[in-house]
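The structure under discussion appears below in the form of structure tokens.
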Amino acid sequence: MSSYQRGRGAYGRGGRFHAGRRYDNQDEGPSASSNWRRPSPQRHPESGGSSTSSNWRRLPPHHPESGGSSTSSNWRRPPPDHPEKAHNRSTTDPTTEGPSAGYVGLRGQRGGYMGPSSQQRHPPRELPLKIRAPPRVEQEAAGLEVQISQLAIQPATQPSSGSTMEVKLPSKPGRGTRGEKLRIKANHFLVELPEKELQVDHYNVVITRAGTDRPVISLETNRAVMSALVRAYRESYLGSRLPVYDGRSNLYTAGPLPFKRQSFRIALLHENQPQGMREFEVKIVHVGTLNMKHLEMFLAGRRPNAPQDTIQALDIVLAECLSIRDDIVKVERSFFSDSFLRINLGGGLEMWGGFYQTLHPTQMGLSLNLDTTAKAFYQSRFVLGYVSSLTGRDLDSEVLTPDDIAKVRKNLKGVKVVVTHQGNIHRKYRISGLTAQATRNLTFSCNIRGTITRTRVVDHFRETYNYTIRYLNLPCLEVGSDPKRPIYLPMEVNTNNRAYERDNGVNFSEEFGLSVSERTTTIQARVLPTPVLKYHNLGAEKECKPTSGVWNMRNKKLVNGGKVNFWYCISFSPNIGADIAGWFCNNLGDMCRVSGMEFARNPILPHTVEQSNKLEAVLKSHYQEATDVLSRQNKTPDLLIVILPDKNGNLYGDVKRICETEIGLVTQCCLAKHVKRANPQMLANLALKINVKVGGKNTVLADAITREVPVVRRLPTIIFGADVTHPLPGEDTTPSIAAVVASQDWPDIATYVGLYRVQGHRQEIISHLGEMACKQLSTDYMPAITFIVVQKRHHTRLFPYDYRAADRSGNVPPVPPAYYAHHFASRARLYYDSGMPDSGSFVAGPSASRDEASSSKVKQLPAVKDNVKNVMFYC
């Protein structure tokens, strides 16, 4: 019987923030005006419905969401409990040869078991899943138009082992003074260094299997080896020091060890062979002593460059206090436990609560940033039960289809299983795939008394283990590290996960003399003046000043209305017939005309209802028919309105890819449920989106009209925006996508077109920025360039100090920035994810961590058609 253990990230693809609210990557994102909202972070087709809620909703993956306005409440972040429970037994093997001469057992026996004691258990899940996870439930930052004078976080880097790299930052030109001052709180906790001078020594660690030069990659194994070494030799060879180890190559101590270079031989009980031992060689080499004075000088403002190596060391010290606890699963910088929060998500998944932790230097001193988060993990259960839940089939009476098997293969790849069909031997394996054949037909090569023969898996289990396989029509699990010689395990040969005891770890912060405040940080902020928006002079309201980031289109007309002379509508929802589609389009057209657009009253083709499984053929045939109708006028269609079913999978992305990159047609997608109950607010939002898609402008800054916008008012200026979107956690080979947009209409600076490129997996730096954003005019052309860098993947959360000064949702006051580059890159992500054929090309780039692939086999993105790319089709 084999149970599986692995967790998966619960984050959807990130969105940007507008008007203090978070937007996803679809057409429901913000237009230039109207009420802003906070949609689901999952993909959804465009629509304009409104909703109000005081909390985030937990929606299933790929849930389409509507537009409109929403509000959110402040989130509480209670710090997790940290019960202390010591569990440390060690012994040494006194020899004349030093620490590499003998083995050390946890039970005090030479050659004994070096890992946890027999009473200890492992946590039920170990690694992130590689499937699309449930939506992110972690709190999102409330946007605040502030300039924080005290919590100015310096950018952190991750220098390699032994690096003394320092980031040189340009000096700040000054401090702003405009705006309303207020006090706010942040989820940062000040960290104090010890009063006595602290010396931190840095060591490089290399752990190899004995007799080989190949480093051990597994963080779990590395930590087990180092824990055994510390238990055995702390009081002797380590000079009573308690080192902090990051599981890779970095080890830090609060003072020097008695040696500069030393090798140790450690033995651990082999998890797959209880009677055998695994031997490891540990080499520890002194790299250098970190200068804490440099950090103190930087925090005091007397040193311009942050000593990143020192900050990294202290960050690891604070993180390792929790990393070694048996009841906590660490994923990158986050810690998860079912004791924090545990919610059954269905489909064999459950959500665990957790928190993110990292150390930052700020102008107030060192600050520990803590933020709540959540992640989806596999439940501890039978593999057969999971397969049944995943496919929705009764395995006793139903046969898995090829699609079912493909789904199971994708979701089980990388999962760890524990088998017990060998009595008391509980071997662990990681699933690499499923067999192409059913178990009843599966054979493998077996050496029987010196003769290689083909043996049936069914016969092998019956003769070797006295076990009769029941589920003969299911494929076997492929496990083992050699893909050319996999081990076959029937799915039914499994066991439930064992219980575990909680080891509360060691408080490394005391070893290094660090103390962390229990109170959140209070800081001074300023709410900048709200900009005034300019609308057309024909409207009753010619200007508008948003309140708390919210405004609407009542009594206003678009500053530059677009033209839709030729349009038609296709419904792919069986619940929306031609009559309902016609009613909806008539109302939408009326709203567009009221808002200031030219919108033809009649479509060029009759409204039709089509089958979604013929999507591409339908889209292309209807476009050809529309083009034929307009051929005498030498015109082409301006707009296609698409009605999608509420649950549509990849249909939305397919529509966008086909129409924008193959046909050359702007589209507006709407969910069937919103078409049925179209209201003025939703129709107004859709009108704003359609207007910018056909080349119009919704509004501009009033200061831009009067040439009073600072800096850009004097000289013709282009404003660029750049962003990189990354694949979901667990997608180890999918590439990142970079996008650059640029304004086209100085001094209005309201219309942006762009370019996108595929680049290496999780590569943050844009590879071809010069090609995407610049054109070499001459060697003498040296325009002034201002770089404004914003960070979207931060974990700083702001709270009102006095809730009487909060907005109606309990948040700090918001601000509406426009992140068009993010929307553009997200549209390109849709092209990639919507089922394009694999071109077989390769793109290489640095990975997010050494555990992830450093190169990716990627599909090339198609080019957007010329008649589409010159408008803001991605809004």
Side-chain angles (χ1 to χ4, degrees), residues 27 45-46 558 560-573 576-593 595-644 651-670 675 686-687 689-697 744 751 753 827 830-831 834 836 862-875:
D27 282 9
E46 54 207 304
L558 304 169
N560 184 7
K563 297 180 180 181
V564 179
N565 295 320
F566 309 108
W567 63 276
Y568 59 102
C569 174
I570 303 176
S571 172
F572 290 100
S573 173
I576 303 297
D579 54 343
I580 300 179
W583 169 82
F584 171 77
C585 291
N586 288 338
N587 288 334
L588 179 58
D590 289 341
M591 180 59 72
C592 290
R593 287 185 289 272
S595 300
M597 293 180 60
E598 294 183 20
F599 199 101
R601 293 188 177 276
N602 298 315
I604 56 177
L605 297 178
H607 304 306
T608 60
V609 180
E610 304 289 350
Q611 296 180 0
S612 60
N613 59 355
K614 300 178 181 178
L615 177 72
E616 184 168 359
V618 169
L619 292 174
K620 291 183 177 180
S621 64
H622 280 63
Y623 180 77
Q624 184 61 51
E625 184 178 354
T627 303
D628 293 341
V629 171
L630 299 174
S631 60
R632 294 183 181 180
Q633 305 177 48
N634 196 26
K635 301 290 186 179
T636 57
D638 300 316
L639 176 69
L640 167 61
I641 299 174
V642 180
I643 300 175
L644 297 175
L651 201 60
Y652 174 84
D654 291 337
V655 168
K656 295 299 181 182
R657 174 178 55 83
I658 294 169
C659 290
E660 294 168 359
T661 69
E662 297 182 24
I663 294 177
L665 179 60
V666 170
T667 60
Q668 180 63 46
C669 295
C670 309
V675 169
L686 291 179
K689 298 167 69 61
I690 292 174
N691 187 55
V692 297
K693 289 180 180 182
V694 298
K697 294 180 185 177
Q744 305 289 296
T751 301
V753 298
R827 178 56 55 83
L830 276 182
Y831 299 158
S834 66
M836 293 167 44
V864 177
K865 292 294 185 180
D866 290 341
N867 59 329
V868 174
K869 70 180 182 181
N870 292 324
V871 296
M872 298 176 69
F873 66 93
Y874 50 87
C875 288

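Only this structure's heavy atoms are used, side chains among them; waters, hydrogens and symmetry mates stay out.
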Contact check, side chains of [X] and [Y], non-hydrogen atoms, under 4.5 Å:
{"X": "Thr751", "Y": "Met872", "value": "yes"}
{"X": "Cys592", "Y": "Val564", "value": "no"}
{"X": "Arg827", "Y": "Val864", "value": "no"}
{"X": "Leu639", "Y": "Phe599", "value": "yes"}

Heavy-atom closest contact ([X] atom, [Y] atom, distance):
{"X": "Leu686", "Y": "Phe584", "value": "CD1-CZ, 3.9 Å"}
{"X": "Pro637", "Y": "Leu630", "value": "N-CD1, 3.6 Å"}
{"X": "Ser612", "Y": "Leu651", "value": "CB-CD2, 3.8 Å"}
{"X": "Val666", "Y": "Val871", "value": "CG2-CG2, 4.2 Å"}
{"X": "Ala687", "Y": "Leu588", "value": "N-CD1, 4.4 Å"}
{"X": "Phe566", "Y": "Thr636", "value": "CD1-O, 3.9 Å"}

[X] [atom1] to [Y] [atom2] distance, which is reported to the nearest 0.5 Å:
{"X": "Asn691", "Y": "Lys697", "atom1": "CG", "atom2": "NZ", "value": "11.0 Å"}
{"X": "Gln668", "Y": "Cys875", "atom1": "CD", "atom2": "SG", "value": "10.5 Å"}
{"X": "Leu558", "Y": "Ile690", "atom1": "CG", "atom2": "CD1", "value": "11.0 Å"}
{"X": "Asn560", "Y": "Met597", "atom1": "CG", "atom2": "CE", "value": "10.5 Å"}
{"X": "Phe572", "Y": "Leu615", "atom1": "CZ", "atom2": "CG", "value": "4.5 Å"}
{"X": "Glu662", "Y": "Leu619", "atom1": "CD", "atom2": "CG", "value": "9.5 Å"}

Examine distances only and state if a side-chain atom of [X] and a backbone atom of [Y] form a donor-acceptor pair shorter than 3.5 Å.
{"X": "Lys693", "Y": "Thr667", "result": "yes"}
{"X": "Trp567", "Y": "Ala600", "result": "yes"}
{"X": "Thr661", "Y": "Pro862", "result": "no"}

Next item on the list: Determine, stepwise, if the pair Ile663 / Lys865 fulfils side-chain contact (heavy atoms from CB on, under 4.5 Å).
Entry: CA-CA 8 Å; Ile663 294 177; Lys865 292 294 185 180; over 6 Å; no
Next item on the list: Indicate whether any N or O donor in one side chain lies under 3.5 Å from an N or O acceptor in the other, for Glu660 and Tyr831.
Entry: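 Side chains of Glu660 and Tyr831: pair found under 3.5 Å.
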Checklist line | Residues that Asp866 engages under side-chain hydrogen bond (donor to acceptor under 3.5 Å, both in side chains), provided they are two or more places apart | finding: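 Expected list: Lys869.
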Just distance, no hydrogens or angles: give the donor-acceptor pairs under 3.5 Å from side chains in residues 603-611, sequence neighbours left out.
residue, atom, partner, partner atom, Å
Thr608, OG1, His622, NE2, 3.2
Glu610, OE2, His622, NE2, 3.4

Item checked: Residues that Glu598 engages under salt bridge (Lys or Arg N to Asp or Glu O under 4.0 Å), provided they are two or more places apart ->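 Partners of Glu598 under the salt bridge (Lys or Arg N to Asp or Glu O under 4.0 Å) test: none.
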